[in-house]
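The structure appears right after this line, and notes come after that.
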Number of protein chains: 4
Amino acid sequence: MASRASRPLGRPRSERARQAILRAALELARERGAGALTMDAVVRRAAVSKETVYRWWPSKTHVLLEALAEFGERAIPIPDTGSLGGDLRAFMRATARALDPPTQRVLRTLAAEAATEKSLAAKVRDQFLARRRAALGTVFQQAVSRGELSPERAHIDLDLVFGSLWYRLIFDLGPLDRNWADAVSGAIAAQHAPRS
Amino acid sequence: MASRASRPLGRPRSERARQAILRAALELARERGAGALTMDAVVRRAAVSKETVYRWWPSKTHVLLEALAEFGERAIPIPDTGSLGGDLRAFMRATARALDPPTQRVLRTLAAEAATEKSLAAKVRDQFLARRRAALGTVFQQAVSRGELSPERAHIDLDLVFGSLWYRLIFDLGPLDRNWADAVSGAIAAQHAPRS
Amino acid sequence: MASRASRPLGRPRSERARQAILRAALELARERGAGALTMDAVVRRAAVSKETVYRWWPSKTHVLLEALAEFGERAIPIPDTGSLGGDLRAFMRATARALDPPTQRVLRTLAAEAATEKSLAAKVRDQFLARRRAALGTVFQQAVSRGELSPERAHIDLDLVFGSLWYRLIFDLGPLDRNWADAVSGAIAAQHAPRS
Amino acid sequence: MASRASRPLGRPRSERARQAILRAALELARERGAGALTMDAVVRRAAVSKETVYRWWPSKTHVLLEALAEFGERAIPIPDTGSLGGDLRAFMRATARALDPPTQRVLRTLAAEAATEKSLAAKVRDQFLARRRAALGTVFQQAVSRGELSPERAHIDLDLVFGSLWYRLIFDLGPLDRNWADAVSGAIAAQHAPRS
DNA sequence: CGGTAAGCGAGACGGTACGTCTTGTCTTATT
DNA sequence: AATAAGACAAGACGTACCGTCTCGCTTACCG
């Protein structure tokens, strides 16, 4: 009989190389932004061969996405203050706090990739945006349960909230700070304010 | 008497070359998107020397922006239906109609450039986004005049509306069609619906 | 035990590319002369990437010199007729025979490079001229052994002989044919003719 | 009747521009050598328009040759010491004295041009080399008159003498100093030494 | 004195080569 | 089988010169 759990033949994949690559990609994106995230730079910093990168990831976008899943996931806690307005403001303030300049550079890098090619857009959407949307979706779901919000509105509101974030980020339209967080949550919550 | 209009010395700039370059850049962006808009490709298609392009524009982004100002200006008419909801829906539907696939490719190209470098973001913001924001701003201004909308809300609503557009566009989150137009305008207008 | 011969790491240099580059450079110089020997032309004809050329040779002069060492080495046989006059005439006639138009174009190309930059002059001197000087030097050495020639004269005579060759070649002063070969060898040998 | 000397119509050629161009070309060749003598550089330094240069000279070689005729002509005096050996040594020493580094750079520039294109070689030959050859030719002629030298030898000796000069110069084979001058004149004179 | 004609500066233009950079593939020996 | 090392083809980058061109202005003469 064969080996117990069908362990693959040959040299096993190097965990050290994998981590070095992910770390290098994330660092480069954080430190210097979209223009500096090149495969050559990743390979250089990770002290790894190009072949190894291309064997496991088809493009730098894939590397960066996995790096974010590995290291970057500072999950935003889902608040429960009892009202949509309160939950939303708490969520947005937490989001704004997370958006320090290195993080902004990473997000801009992702956006540049996504804008360049639809297939990369799909990857970013499914492997990165989805998580953020799910978190905010939960907040909206709580509001639906409380009867504050109709289900059909929740979906478009996701676009409005995250859209304003990316729009300001990509085109450098203004700070993504506490004021911005409050303004956006105020505007969204106003749609659903109880009529007197 | 002074000289008439101080015509600059030397051979005058070739209008033919200028147009060929702008047209080539816009065509390439429309046909094949961000990845195919290279200086070499522009030069090839415009049958122009590289020197001539770099003499007048520092980067392809600048070329594309001028091309849009030259050819792409399909101004969206500013509607006046008497209510914010009506105006907004009309504006968004017209916007959706304008967003055919070639136009979407151009916008994604702009977004890719803007996301890569802040200085390009500034250019895109000031020379392209500004006009669109001004148009929608006028719609909101009319609503302010009618007492339907507070001035401070108008500004954040601009971000929400355009943000949702670019967000869906860049990350390929769904069609930018009439349904989308109605959903967004409905959501925004709901914030300002008269309380009973 | 140590490694066998310390074979360098990585993909080995492509012999095919190397030969194609050298061949292309030599052909271009032979066919069309100094003006046509450009890196772009070499790259085009060799169907090779620019990177590959610049990885191994810092300039076209270096390429051409290696090409000559690889393919162009039609060594001129060192004659031994028993007298300086006879040896010299034989050597010069063989040299004249070798100087067909393509070869002349190659030599003019080398001269153009050498005249442009001292560092290139040094390369040409050490990697190309040296061999020719050594050959004629041997002829003179034989004469010294026979007592026909003083050692100190041999050195300056090298300059006189090759100088007249390059001088005529570069400035297109006349054919480098059998007559020329006989005239030069006659003049040089006359210096050393036994006094009656 | 027509005008007296058939003065051409239109604005007369600017002597100031002509001199500025010639001076700029010569200076650049003297200061920085072959690589730096570009039409653009000449035009820049002469504060003159390209058109003006190309109107009067078809190439930089032509400019440089005329510049040498205008400014550079330090004629080497033709000595008459009573013997070929003496005359030749005097001539060569004067030549060596004239070959300071800037002058060497100019000559290398001429050689680079001549080696690149036969038509330029012809120009250099007829408009520059000819004068030098004529001067040395006169020295040899004197020797022929004195019966020291056969006429048919004079021609090939010209090549040997000047050839050694250019050969050493182009390929940077050694100094062109008094020692060299004496060695060459000694070797040439030895051919014609009276047999005992 | 006004007209005619060439020279001139300024500088834009199409073209081509330069040398560098990045991408994604490949070919080795080693582990 | 995975790795490191690194060569390779492809092709874009931005710069530099080349030689040509198109202007408006200047400087002569000529009638």
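Per chain, numbering begins at 1; letters A, B, ... match sequence-line order.
Of the candidate nucleotides dC30(F), dT15(F), dG9(E), dC30(F) has the atom lying nearest to any side-chain atom of Leu9(D). When each of dA12(F), dC18(F), dC8(F) is scored by its nearest atom to the side-chain atoms of Thr38(B), the top-ranked nucleotide is dA12(F). Of all nucleotides listed (dC13(F), dT28(E), dT22(F)), dT22(F) comes nearest to the side chain of Glu51(D).
Test Leu26(B), Val124(B), Leu22(B) against Leu68(B) for side-chain contact (heavy atoms from CB on, under 4.5 Å) and you get one pass: Leu26(B).
Remark: the backbone N or O of Ala114(C) is paired with a side-chain donor or acceptor of Arg108(D) at under 3.5 angstrom. In this structure a side-chain-to-backbone donor-acceptor pair under 3.5 Å is present from Thr109(C) to Arg105(C). Here the side chain of Lys123(C) pairs no donor or acceptor atom with the backbone of His62(C) at under 3.5 angstrom.
Taking only side-chain nitrogens and oxygens, Ser49(D) never comes nearer than 4.0 Å to OP1 or OP2 of dG11(E). Between Lys60(B) and the phosphate of dA12(F), there is no side-chain N or O to OP1/OP2 separation shorter than 4.0 Å. At the phosphate of dG9(E), OP1 or OP2 sits under 4.0 Å from a side-chain N or O atom of Arg16(D). For the pair Ser14(D) and dT27(F), the criterion of a side-chain N or O lying under 4.0 Å from OP1 or OP2 is not met. Under 4.0 angstrom from either OP1 or OP2 of dA7(F) there lies no side-chain N or O belonging to Trp56(C). OP1 or OP2 of dC13(E) has not a single side-chain nitrogen or oxygen of Lys50(B) nearer than 4.0 Å. The side chain of Arg44(B) contributes no N or O atom lying less than 4.0 Å from OP1 or OP2 of dG14(E). For the OP1/OP2 pair of dT3(F) and a distance below 4.0 Å, the side-chain nitrogens and oxygens of Arg55(A) include at least one atom meeting the criterion.
With rounding to whole Å, Glu113(B) atom CD is found 13 Å from dC13(F) atom C1'. The separation between Tyr54(B) atom OH and dG14(E) atom P is 15 Å, rounded to whole Å. The CG-C1' distance, from Leu120(A) to dG24(E), rounds to 14 Å in whole Å. Per the geometry, CD1 belonging to Ile21(D) stands 13 Å off P belonging to dG7(E), to the nearest Å. The distance between atom CZ of Arg11(C) and atom P of dT27(E), rounded to the nearest whole Å, is 6 Å. Between the CD atom of Glu15(A) and the P atom of dT3(F) there is a distance of 10 Å, rounded to whole Å. The CH2-P distance, from Trp57(C) to dC18(E), rounds to 15 Å in whole Å.
For the atom pair Glu27(C) CD and Arg45(C) CZ, the distance stands at 5.0 Å (nearest 0.5 Å). To the nearest 0.5 Å, atoms CG (Leu120(D)) and CZ (Arg125(D)) are separated by 11.5 Å.
With DNA chain F read from its 5' end, the first of the two nearest nucleotides for Arg13(A) and Asp40(B) is the one closest to Arg13(A). Between Leu37(A) and Pro12(D), the residue whose closest nucleotide on DNA chain E is further toward the 5' end is Pro12(D). Mapping Thr52(A) and Gly10(D) onto DNA chain F by nearest heavy atom places Thr52(A) at the nucleotide closer to the 5' end.
At the heavy-atom level, Arg18(D) lies nowhere under 4.0 Å from the strands shown.
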